[in-house]
> 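Have a look at this one.
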Amino acid sequence: MGRSEQIEVTAPAKINLSLDVIGRREDGYHEVRMVMQSIRLCDRVRINRIAGSDIVLKNSLAYLPSGKGNLAYDAAVLFREETGIGDGVFVEVEKNIPVAAGLAGGSTDAAAVLCGLNELFETGLTEQKLREMGLRLGADVPFCIMGGTALAEGIGEKLTKLKDAPKFHVLLVKPMTGVSTKEVYTRLDSKSDIAHPDVDGMLRAIDEGDHLGVARRIGNVLEPVTRDMCPEIEKIERQMKNFGCEGVQMSGSGPTVFGLFADKDRAKAAYMHFKIGGFGGQTFLTEFLR
Ligand code: ATP
């Protein structure tokens with residue numbers, strides 16, 4: 001059998017079912033406790049071997065960097081440094097995940113490139129090794145390599161695989177505004193009244209397969225901060241509740257809002273409302289990915 005010349009990998013987005021910040025380290029990083037959930041919405045990454053020794057990146061969004069600074073490119077550089085492989089590669093990223101949205105779009109591209117190159121070049125790096133490499137690119141990259149449902153602690157790198165969470169349909173609505181993760185965390189640091197989510201309750205609900213318990217315990221310590229910067233969040237949440245979702249919450253540092261629906265028809269009706277109702281942002285109907 002000849003060696004393969006091309007590989008295609010899907011790069012799923014994530015939502016945070018629960019996100020708490022429990023401290024700030026001396027190096028400025030925040031210590032978190034997060035329950036992460038992969039969803040079906042994904043970017044697509046194709047990698048081809050090419051002659052020469054260049055890394056060539058093409059991505060479908062012209063405003064993202066096409067070299068250094070694009071996490072897909074940086075991941076290819078890191079992979080070659082770590083493995084000593086100098087072959088040329090052409091990396092093509094089809095972006096479907098909204099950018100700067102709290103859905104780990106960049107991190108999942110990086111994860112897909114690391115895993116894709118490991119397979120294409122048959123380098124046999126373990127998942128643990130790939131996760132260590134991924135952490136150097138971003139705190140969410142190790143989870144994106146693992147996927148599914150997981151508890152992330154430390155700065156996001158201490159991962160515990162959880163039972164699959166009870167399935168929900170997920171309606172994502174991203175307001176027009178993008179927010180900078182850094183600014184959200186900086187604002188959090190100067191806040192005194194912080195409402196922490198019930199992460200342990202969420203872990204119990206997942207362990208017990210308690211569908212409604214999961215929906216009731218979603219929570220995000222960053223939401224009040226981002227809401228101050230992006231008032232549309234509250235409006236979107238109110239409208240989603242009117243469509244009968246079981247739970248509604250902002251993902252990551254935002255500003256994307258997700259609604260968890262047990263009932264597909266209700267989810268579809270809400271999707272159509274945001275899609276055609278003159279709402280200016282991006283809307284997706286997706287589901288948990290295991
Ligand atoms: P997180 O949930 O991990 O905080 P996010 O969804 O808020 O991530 P990203 O979509 O990953 O944010 O984008 C954050 C920044 O990273 C963007 O402003 C963008 O310039 C940069 N970036 C670099 N590479 C990529 C990529 N491949 N896809 C998207 N953004 C990228």
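Numbers here simply count residues along the sequence, with the first being 1. Every number for a ligand or one of its atoms is a count from 1 in the order of the listing. Here the structure is a predicted model, which is why all the values come from computation and not from measurement.
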> Among all protein non-hydrogen atoms, which one is nearest to atom 3 (O) of ligand 1, and what is the separation to 0.1 Å?
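The closest one turns out to be Asp140 OD2, 2.6 Å.
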> Examine Ala100 against ligand 1 and note whether any of their N/O atoms are separated by less than 3.5 Å.
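Looking only at distances, the answer is yes, because the N/O contact criterion of under 3.5 Å is met.
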> Set out, in order, the CA-CA distance, both residues' side-chain angles and the distance that settles side-chain hydrogen bond (donor to acceptor under 3.5 Å, both in side chains) for Asp164 and Thr149, then state yes or no.
CA-CA 6 Å; Asp164 291 335; Thr149 310; 4.7 Å; no
> Do Lys14 and Ser251 come close enough that some side-chain heavy atom pair is under 4.5 Å?
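Sidechains of Ser251 and Lys14: in contact.
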> Which atom pairs, donor and acceptor, lie under 3.5 Å between side-chain atoms of residues 101-116 and protein residues at least two apart or in another chain?
{"from": "Thr108", "atom 1": "OG1", "to": "Pro12", "atom 2": "O", "distance (Å)": "2.7"}
{"from": "Asp109", "atom 1": "OD2", "to": "Lys95", "atom 2": "NZ", "distance (Å)": "3.0"}

> Could you check whether atom 11 (O) of ligand 1 has a protein contact, counting only heavy atoms that fall below 4.0 angstrom?
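Answer yes: something from the protein, a heavy atom, is under 4.0 Å.
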> In a check of side-chain contact (heavy atoms from CB on, under 4.5 Å) between Pro175 and each of Pro255, Pro231, Pro98, which one passes?
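Among Pro255, Pro231, Pro98, the one meeting side-chain contact (heavy atoms from CB on, under 4.5 Å) with Pro175 is Pro255.
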> Within the structure, does at least one protein heavy atom fall under 4.0 Å of atom 21 (C) of ligand 1?
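Under 4.0 Å from atom 21 (C) of ligand 1, zero protein heavy atoms found.
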> Would you say Val99 has any N or O atom under 3.5 Å from an N or O of ligand 1, going by distance alone?
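Val99 vs ligand 1: no N/O contact under 3.5 Å.
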> Would Gly102 count as a polar contact of ligand 1, with the cut-off being nitrogen or oxygen pairs under 3.5 Å?
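In this structure, Gly102 places an N or O atom under 3.5 Å from an N or O of ligand 1.
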> Checking a contact table here: which protein heavy atom is nearest atom 29 (C) of ligand 1, and how many Å away?
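Looking only at protein heavy atoms, the one closest to atom 29 (C) of ligand 1 is Lys95 NZ, 3.4 Å.
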> Run the salt-bridge test on Glu234 and Arg238 with the 4.0 Å N-O cut-off and return the result as yes or no.
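Judged by the 4.0 Å cut-off on N to carboxylate O distance, Glu234 and Arg238 do not form a salt bridge.
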> Under 4.0 Å between a side-chain nitrogen and a carboxylate oxygen: does that hold for Arg216 and Asp210?
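Salt bridge flag = no for Asp210 with Arg216.
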> Phe168: which residues meet the ring-ring contact (aromatic ring centres under 6.0 Å, His included) condition with it, sequence neighbours left out?
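Here the qualifying residues are His211, Phe288.
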> Considering all protein heavy atoms, does one lie under 4.0 Å from atom 15 (C) of ligand 1?
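For atom 15 (C) of ligand 1 the answer is no, since every protein heavy atom stays at 4.0 Å or beyond.
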> Would you mind listing which atoms of ligand 1 come within a distance below 4.0 Å of any non-hydrogen atom of Thr181?
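Atoms satisfying the 4.0 Å criterion: 4 (O), 7 (O).
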> Do you know the tightest heavy-atom contact between Asn96 and Phe284?
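Looks like O-CZ, 3.6 Å.
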> On a heavy-atom basis, I'd like to know which of Ala104, Gly156, Gly69 is closest to atom 8 (O) of ligand 1.
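Of the listed residues, Ala104 has the closest heavy atom.
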> Backbone, side chain, both or neither: what part of Asp109 comes under 4.0 angstrom of ligand 1, heavy atoms only?
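Side chain only.
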> Should the proximity of Leu64 to ligand 1, defined as any heavy atom under 4.0 Å, be assigned to the side chain, the backbone, both, or neither?
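Side chain only; the backbone of Leu64 stays clear of ligand 1.
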> Nearest 0.5 angstrom please: Asn48 CG to Glu92 CD, how far?
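Reported to 0.5 Å precision, the distance equals 8.0 Å.
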> Is ligand 1 less than 4.0 angstrom away from at least one heavy atom of Val93?
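Checking ligand 1 against Val93, which is what was asked, there is no heavy-atom contact under 4.0 Å.
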> Would you indicate which of Leu71, Val45, Asn59 comes nearest to atom 24 (N) of ligand 1 when only heavy atoms are counted?
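Comparing heavy atoms across Leu71, Val45, Asn59, the nearest one to atom 24 (N) of ligand 1 lies in Leu71.
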> Using a 4.0 Å cutoff against the non-hydrogen atoms of Lys14, which atoms of ligand 1 qualify?
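Those qualifying, in numeric order: 2 (O).
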> Rounded to the nearest 0.5 Å, how far apart are CD1 of Ile206 and CG of Leu151?
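The distance works out to 9.0 Å.
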> Any Lys/Arg nitrogen of Arg187 or Asp228 sitting under 4.0 Å from an Asp/Glu carboxylate oxygen of the other?
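No, this pair does not count.
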> Could you establish whether Gly106 and ligand 1 come within less than 4.0 Å of each other, counting only heavy atoms on the residue side?
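The answer is yes: ligand 1 sits under 4.0 Å from a heavy atom of Gly106.
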> May I ask you to check if ligand 1 and Ala72 share an N or O to N or O distance below 3.5 Å?
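Such a contact does not occur with ligand 1.
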> Going by the atom numbers of ligand 1, which of them fall below 4.0 Å from some non-hydrogen atom of Asn70?
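Every atom of ligand 1 under 4.0 Å from some heavy atom of Asn70: 23 (C), 24 (N), 25 (C), 26 (C), 27 (N).
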